[in-house]
Structure formats: structure tokens, C-alpha cells
Amino acid sequence: MSESFQPNQSLVSSANLENARLNLIREDQPRIRDAAAPEPATLNQWIEAEAENYVEIQNLSFQRGSRIIYDDLTMSFPKGKVTAVMGPSGTGKTTLLKLMGGQLQPTSGSIIVAGVDVARASRTELFDVRKRMGMLFQSGALFSDLSVYENVAFPLRAHTELPEDMIRDIVLMKLHSVGLRGARELMPSELSGGMARRVALARAIVLDPEMVMYDEPFTGQDPISMSVLLQLIRLLNDTLELTSIIVSHDVQETLDIADYLYIIADGRVIGQGEPKEVMNSDSALVQQFMLGLPDGPVPFHFPSQNYRDDILEGRH
Amino acid sequence: MRARNIELAVGIFMLIGVLAFVYLAMRVSGLAMDDGGSGYTLYARFENVGSLKSRSKVTIAGVVVGRVVNVHLDREDFVAVVEMEISAKVDNLTSDTSASIMTAGVLGEQYVALELGAEEDFLQAGDEIEDTLSALVLEELIGKFLFNAK
Amino acid sequence: MLRQIESIGARGLEVVESIGRSVVFLYQSLVRVPRPRTSLPLLIQQLYSVGVLSLVIIVVAGFFIGMVLALQGYSILVRFGAEQALGQMVALSIVMELGPVVSGLLFAGRAGSALAAEIGLMKATEQLASMEMIGVDPLHQVIAPRFWAGLISLPLLGMIFSAVGIFGGMLVGVDWLGVDSGSFWSNMQSAVDFHRDVLNGVIKSIAFAVVVTWIAVFQGYDCVPTSEGISRATTNTVVYGSLAILGLDFVLTALMFGDL
């Protein structure tokens with residue numbers, strides 16, 4: 001990469017302003033909520049909460065086959081902030097994003113994204129909402145038969161009737177913002193993992209969405225592309241006034257970037273709050289997860305019978 | 001550039017496909033463009049047509065001059081009526097032409113063989129050939145042979 | 001015992017369910033207002049990868065099958081002194097049976113497996129899911145063009161196979177074994193009927209195209225998105241596709257020529 005990571009000046013200053021504004025809002029809000037969020041007392045409060053949160057998940061339950069993935073989950077994702085959802089693997093974090101995108105239907109409960117209940121939306125409503133959200137998949141999910149340029153142009157071609165020169169301008173702008181303007185002719189197979197993820201990010205924001213969802217953005221990244229990604233997510237969130245939702249199990253990186261944290265395990269929220277508060281949580285499960293301890297409430301051993309009995313059984 | 005090559009290749013592919021179809025139609029099944037419409041129709045009645053069916057050959061002196069179009073039963077006389085389409089080029093069949101049903105080889109297909117007579121005037125479209133000889137049916141032949149031998 | 005019956009029943013239900021799912025899947029992919037501006041380039045792209053790339057194997061296979069038929073047929077026919085009927089034998093067996101069936105089997109192996117693997121891979125790498133999140137229905141963007149491309153390609157490939165096969169048969173019969181060229185062709189032309197043989201062969205090809213392409217795109221789309229799932233989808237496509245062709249061929253032949 002010949003150019004250093006240098007967003008232009010106006011973007012930075014507007015980002016600072018935006019941060020200041022967000023900080024103000026943050027002061028007004030109640031900082032922590034209990035795991036079982038209290039029902040808003042008055043209508044006014046409810047409307048207020050509605051306006052602050054881009055995504056509201058209420059009493060969500062989801063089953064896959066006979067396995068319960070989520071049981072009565074209630075979460076909210078404030079507008080304009082980076083909210084992270086963490087938890088051990090296998091807790092269905094990606095499933096949560098797919099539920100928000102309306103790709104899966106919950107068993108019960110509601111998911112309100114930008115005022116639309118995606119669990120009950122019609123097909124056209126759903127596709128309209130999806131135009132307002134971008135999603136960065138774990139693998140990048142670039143279309144392997146299209147070049148980098150065409151990948152980023154894809155949503156524009158699908159949803160707009162823009163002339164070719166305008167599409168070119170937008171695509172180059174978005175590619176520039178992730179630092180890959182020079183890689184536009186490459187095919188996805190020629191990109192490194194980190195570059196593919198950045199291209200996917202450019203594609204996710206090409207329609208100027210209001211919300212971007214990141215599915216495990218830090219998995220398998222070298223330290224350089226990790227910090228590039230961290231900086232990009234933060235910067236895009238602040239300059240474009242996005243609502244960002246990150247699903248991850250990489251504790252350190254997520255703590256660095258998130259404004260608000262949810263920790264889920266066994267289908268429910270076990271801890272939430274700002275990073276510092278979650279770090280100091282007295283829940284043993286949260287502590288085990290945050291510190292990465294091998295044994296604790298999540299046992300090291302898969303459920304089994306008594307060790308001694310098991311060994312001796314072979315002797316009979 | 002790459003897209004153009006693909007379009008070109010697909011175009012050539014479609015063209016080859018269509019050419020193959022034309023080849024099958026013309027060369028293999030012998031479907032001629034002027035088939036139908038350019039011939040005229042004659043009828044003939046037979047006691048027995050054997051296994052003659054539509055698209056069987058009609059020949060004169062072994063040369064194909066037409067095809068059988070239809071075989072059906074006359075419900076009053078209970079004889080078979082064979083409708084034949086004869087090439088327009090062969091328009092000078094004498095009115096006493098005879099038609100017989102022959103077999104190509106021992107086990108071959110059956111066809112109609114025409115033999116010309118000596119009359120002055122010619123058969124017109126829609127005319128009927130009076131003088132006919134039915135197909136040889138093997139079982140009848142054997143029966144006759146046995147009857148005569150007694 | 002009871003458990004075995006139960007598992008057979010469950011298996012049966014599974015099969016019926018997946019058939020139903022595949023019908024809904026096809027309906028959702030194909031029924032919509034056509035948008036030529038966006039669909040046509042996609043279709044051409046797929047015609048290339050499904051049709052043009054299968055051309056070589058079809059031509060080579062057709063050529064050899066035609067030659068072998070002529071060689072075998074000659075050695076049998078010459079015993080009855082009926083080598084003039086060689087053209088008829090080669091043409092009828094290729095146009096009515098071998099052309100549609102063998103080209104269908106090769107298509108299932110070459111294009112069908114590639115389709116299933118490609119779509120399965122797109123599913124495994126979340127390309128289909130991301131397309132959905134962008135607000136584009138992958139059934140229309142990915143499945144429909146591939147289905148139509150298969151539907152158009154296989155009948156063309158079948159006819160090319162037949163034409164090349166007959167040409168190969170002629171090369172061996174006429175140029176090598178010395179069957180008279182005139183009687184080779186005239187015998188063929190009097191025996192092969194355009195409607196009964198050629199058109200019915202094409203209809204068979206179209207039916208095979210629908211079934212094989214349908215199986216291929218459905219297996220790819222419905223696969224378990226892991227490398228094991230993709231390889232299973234590919235195998236299933238070839239196995240089910242080939243069996244479907246052979247079974248359907250019997251049914252169609254019985255319907256078309258059964259009364260003769």
C-alpha cells in the first residue's frame with residue numbers, strides 16, 4: 001500500500017464534532033441496564049427509547065430444530081454507536097445478525113430495525129430495510145466471479161439507475177476510504193484475507209446505509225490488518241453517523257472499539273454495559289469469558305461420568 | 001474485452017446448435033423444403049395392405065416417386081384405401097396404371113410399386129388407381145399351398 | 001423392528017419434503033417479471049460456462065460413438081448382406097436414443113456437477129447470504145440464469161452430438177468400410193422421419209435438460225454449506241441426474257414410440 005491511511009481533513013473534523021455530540025447524548029442516558037431490561041414506565045420514555053435505539057429486540061426466542069438458541073432475549077442497539085455482542089462460540093451470534101437481517105424468522109418476539117419489525121415484515125418491506133443496512137460477513141463473502149470494482153458496484157447496479165460515470169465515482173470513493181482504490185482490477189481470489197474484508201466493507205457501505213453489522217471482523221487477521229480494520233470501523237461509524245453492531249469473541253479488540261457491550265451465553269444476556277463496567281462485573285461467567293480462563297462456570301471437561309469410575313470400568 | 005469474447009463464443013455455440021438441427025432435418029431425415037404441396041394425390045383400394053403405413057415409399061421401376069400419406073378403411077366395402085402423394089414431376093401416369101404392394105427384401109418394409117399401362121390419357125389429382133394387387137400375407141400363402149396340396 | 005419402520009417412514013417424509021422444497025424453489029426462481037437489461041448478460045455468462053465449455057466433450061464423445069456404432073453395426077449387418085442399412089441403423093440409434101441420452105449423461109457429469117459445486121461454494125462462502133442482505137434475491141440473480149442456460153444448452157448439445165455422431169458413422173462406414181455413399185444416405189433418409197425421430201429426440205433432450213439442471217441447481221442451493229456437503233451435492237447431482245435421465249428416457253420412449 002503506497003498511500004498511508006489518511007482520511008481527508010473534513011471527515012476528521014466532522015468526526016470530532018460527531019463524537020462530541022455523541023458524548024453529550026451518552027451523558028443523558030442511563031448507563032447500565034439490568035439483564036432483564038425494565039419496561040419503560042411512560043409513553044414518553046418509550047418514544048424516547050425508540051428514537052435512541054436503531055434496533056430493538058424484544059422477548060426474542062429462536063429455535064433450530066429442538067435446540068433453543070435464544071430464549072426471551074431483549075436487547076437494544078443505540079443509534080450512532082458501536083455496540084458489540086460477545087459470547088463463546090456456538091452461542092449463535094451470527095444467527096442474531098441473520099435474525100436482524102430478516103434472513104431467519106424468530107419463533108416468537110419482535111426485532112424492530114429502523115421502525116420496521118423484520119420478523120413480521122413483508123418481502124418488499126424486508127428488502128427495503130435491507131437497503132438501509134450493510135453487513136460484513138465473516139469470510140468477506142465477495143462474489144468470486146466479479147472483480148473488486150464490480151463487487152463494490154454490485155449494490156449500486158442492483159438498486160439504482162445511476163449512469164456509469166457516477167457509479168465509477170462512488171465506487172472509487174468507497175474503495176479509497178478503505179485504502180484499496182489501487183486494487184480495483186483484482187479478483188477476490190487475488191486478495192489477502194484482510195484486503196478481502198476491507199473490500200467487503202466498502203461494498204457494505206456503498207449504498208450509504210444507516211447501520212452496518214460486522215460478523216466476526218477480527219477473526220484470523222494479522223496485527224496490521226487488525227488495526228486497520230479497527231480504525232476503519234471506528235472512523236466509518238463516526239463520520240457516516242452509522243449504527244454499528246459487532247459480533248465477536250475477540251475480547252481485546254472488541255473492548256477497544258465498542259461503546260457498549262452485550263455478553264450472551266446459553267441463549268440469554270449474561271452481562272451488559274460499557275466495556276469498563278463489564279470488565280468489573282462480578283458475574284463469574286462474564287469474568288471467565290473476559291479473562292479467557294480455561295476452567296470456570298464453563299467447564300473444561302465435557303459432561304462425563306466420574307473419572308475414576310470410567311477408568312476402572314475397563315478392568316472388569 | 002473478456003465479455004465480448006464470451007458473447008462471441010456463445011453466439012458461435014448457438015449457431016453450431018442450429019446448424020446441427022438443420023443438418024439433422026435435411027441431410028439425415030431427408031426433409032426437403034419443397035416436401036408437401038408440390039405433389040398431387042392419388043387413391044388406390046386394396047383387399048389387404050399388410051403392414052403398409054403412412055410415409056411408406058411409392059416407386060416406379062424401383063425409383064421413389066412419392067409417399068403414402070394415409071391408410072384407412074372404407075367402411076362400406078371393407079377394403080383399405082391408400083392415399084398417396086406423387087411428385088409433381090411425374091405427371092404422366094397412364095389411367096390404367098396398376099399398383100401393387102411389395103416387400104423390400106425378405107423381411108424389409110412394404111411399399112407401393114406402380115406399373116404403367118398403355119392408355120393415352122393420364123391420371124389426374126384425386127383419381128383412383130383401379131388395378132391393384134394386395135400385399136402377400138405369409139399365412140394366407142401357406143394356407144393356399146396346403147389347400148392345393150390335398 | 002418398530003424403530004426400523006419408523007426410520008424408513010422418517011426417510012420417506014424427508015424425501016417427499018425435499019421434493020416439495022425443490023418445486024417451491026423452482027417456482028420462486030423462475031416466476032417473476034423478466035428484466036432483460038440485467039438478466040441477459042447473466043444468461044450469456046452462464047450459457048458460456050454451461051454450454052460452450054461442455055462443447056468439446058460432447059463433440060468428441062459423439063464422434064467416437066458414431067464411429068463405434070458404424071463399426072459394430074457393419075460387422076453384424078454384413079452377415080445378412082444388409083450393409084446398405086448401415087446409415088439407417090446409425091442414424092436411428094443416434095437420433096432417437098444415444099444422442100439425447102448420452103449427451104444428457106455427459107452434461108450431468110460435466111455441467112451439472114460444476115453447477116452444483118459452484119452454487120454450493122457460493123452458499124458456503126456466504127455469497128448467497130450477502131447477496132440477500134444487499135437486497136438482491138439470489139434465486140433470481142444466481143439460480144434462474146443457470147437454470148435457463150442449462151435448458152437452452154442441453155438440447156443444442158444433444159443435436160450437435162447427433163450430427164457429429166452421424167458424421168463419424170459416415171466416415172467409418174463410407175470412407176473406411178466402403179459402404180456405398182448413395183445407399184448409406186438414401187437408406188438413412190427414407191428410414192428417419194423428421195417428426196417421429198428427429199423432433200422426438202429433441203423433445204427428449206429438452207426434458208432431460210429440465211430435470212438435470214433442476215437437480216443440479218437445487219442440490220447446490222440446498223446443500224449443507226461445508227466442504228463435505230458440497231462434495232455430496234456434486235455426487236448427488238451426477239447420480240440422481242443420470243438415473244433420472246435413464247428412467248425418463250424409458251417413459252418418454254414408451255410414450256412416443258410405444259404404439260408402433
Side-chain angles (χ1 to χ4, degrees), chain A residues 94-95 97-104 113 118 121 123-146 150-161 188-189 193 196-197 199-207 209 211-216, chain C residues 10 13-14 17 24-25 27-29 31-33 35-50 52-53 114-115 117-146 149 220-221 224-227 230:
Chain A
T94 306
T95 307
L97 293 185
K98 287 195 168 168
L99 282 163
M100 285 189 217
Q103 289 187 301
L104 294 171
V113 180
V118 292
R123 215 175 146 72
T124 29
E125 278 178 320
L126 201 57
F127 276 99
D128 278 346
V129 174
R130 282 181 189 161
K131 284 178 208 166
R132 298 162 68 180
M133 48 171 114
M135 180 155 169
L136 183 70
F137 283 84
Q138 190 168 354
S139 56
L142 295 175
F143 303 132
S144 46
D145 52 346
L146 299 179
E150 286 299 322
N151 258 290
V152 180
F154 183 85
L156 290 171
R157 295 198 202 281
H159 291 303
T160 67
E161 297 284 328
S189 54
R197 228 165 275 195
V199 174
L201 185 54
R203 186 179 69 182
I205 57 168
V206 76
L207 284 176
M211 172 174 99
V212 178
M213 298 184 278
Y214 301 88
D215 185 8
E216 302 281 5
Chain C
L13 278 181
E14 230 167 71
E17 192 195 331
V24 172
F25 159 82
Y27 175 82
Q28 287 180 340
S29 310
V31 178
R32 65 149 186 173
V33 187
R35 283 169 45 191
R37 196 178 65 88
T38 52
S39 320
L40 198 63
L42 291 173
L43 180 65
I44 288 177
Q45 175 68 42
Q46 290 310 316
L47 276 174
Y48 179 78
S49 51
V50 168
V52 176
L53 294 183
L115 279 179
E118 189 191 10
I119 295 171
L121 200 65
M122 289 178 87
K123 186 177 183 181
T125 55
E126 295 176 313
Q127 291 182 45
L128 297 183
S130 78
M131 197 174 279
E132 221 167 81
M133 284 304 300
I134 288 169
V136 173
D137 193 337
L139 290 179
H140 296 155
Q141 181 82 15
V142 175
I143 304 298
R146 282 167 173 76
Y221 189 77
V224 182
T226 58
S227 40
I230 295 170

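Naming convention: chains lettered A, B, ... in sequence-line order (proteins, then strands); numbering from 1 in each chain.
Between A:Leu126 atom CG and C:Glu132 atom CD the span is 8.5 Å, to the nearest 0.5 Å. To the nearest 0.5 Å, atoms CE (C:Met133) and CZ (A:Phe127) are separated by 10.0 Å. If you take CD on C:Gln127 and CG on A:Leu146, they are separated by 8.5 Å, rounding to the nearest 0.5 Å.
Residue contact with chain C, scored on non-hydrogen atoms closer than 4.5 Å, is absent for A:Leu136. With a threshold of 4.5 angstrom between heavy atoms, A:Met133 approaches chain C through its backbone and through its side chain.
Among residues two or more places apart in sequence or in another chain, the ring-ring contact (aromatic ring centres under 6.0 Å, His included) test is passed with C:Tyr221 by C:Phe25. Scored by the ring-ring contact (aromatic ring centres under 6.0 Å, His included) test, C:Tyr48 finds no partners at all (sequence neighbours excluded).
The residue among A:Val129, A:Asp128, A:Leu142, A:Leu207 with the most heavy atom pairs within less than 4.5 Å of chain C is A:Leu142.
Counting heavy atoms from C-beta outward, C:Glu126 and A:Asp215 have side chains that approach closer than 4.5 Å. The side-chain heavy atoms of C:Gln141 and A:Phe154, taken from C-beta on, include a pair separated by under 4.5 Å.
Here the side chain of A:His159 pairs a donor or acceptor atom with the backbone of C:Ile134 at under 3.5 angstrom. Without hydrogens or angle criteria, A:Gln103 side chain to C:Ala129 main chain gives a donor-acceptor distance under 3.5 Å.
Taking all atoms of both residues into account, the shortest heavy-atom contact from C:Ser130 to A:Phe143 is OG-CE2, 3.7 Å. A:Ala158 approaches C:Val136 most closely through the heavy-atom pair CB-CG2, 3.3 Å.
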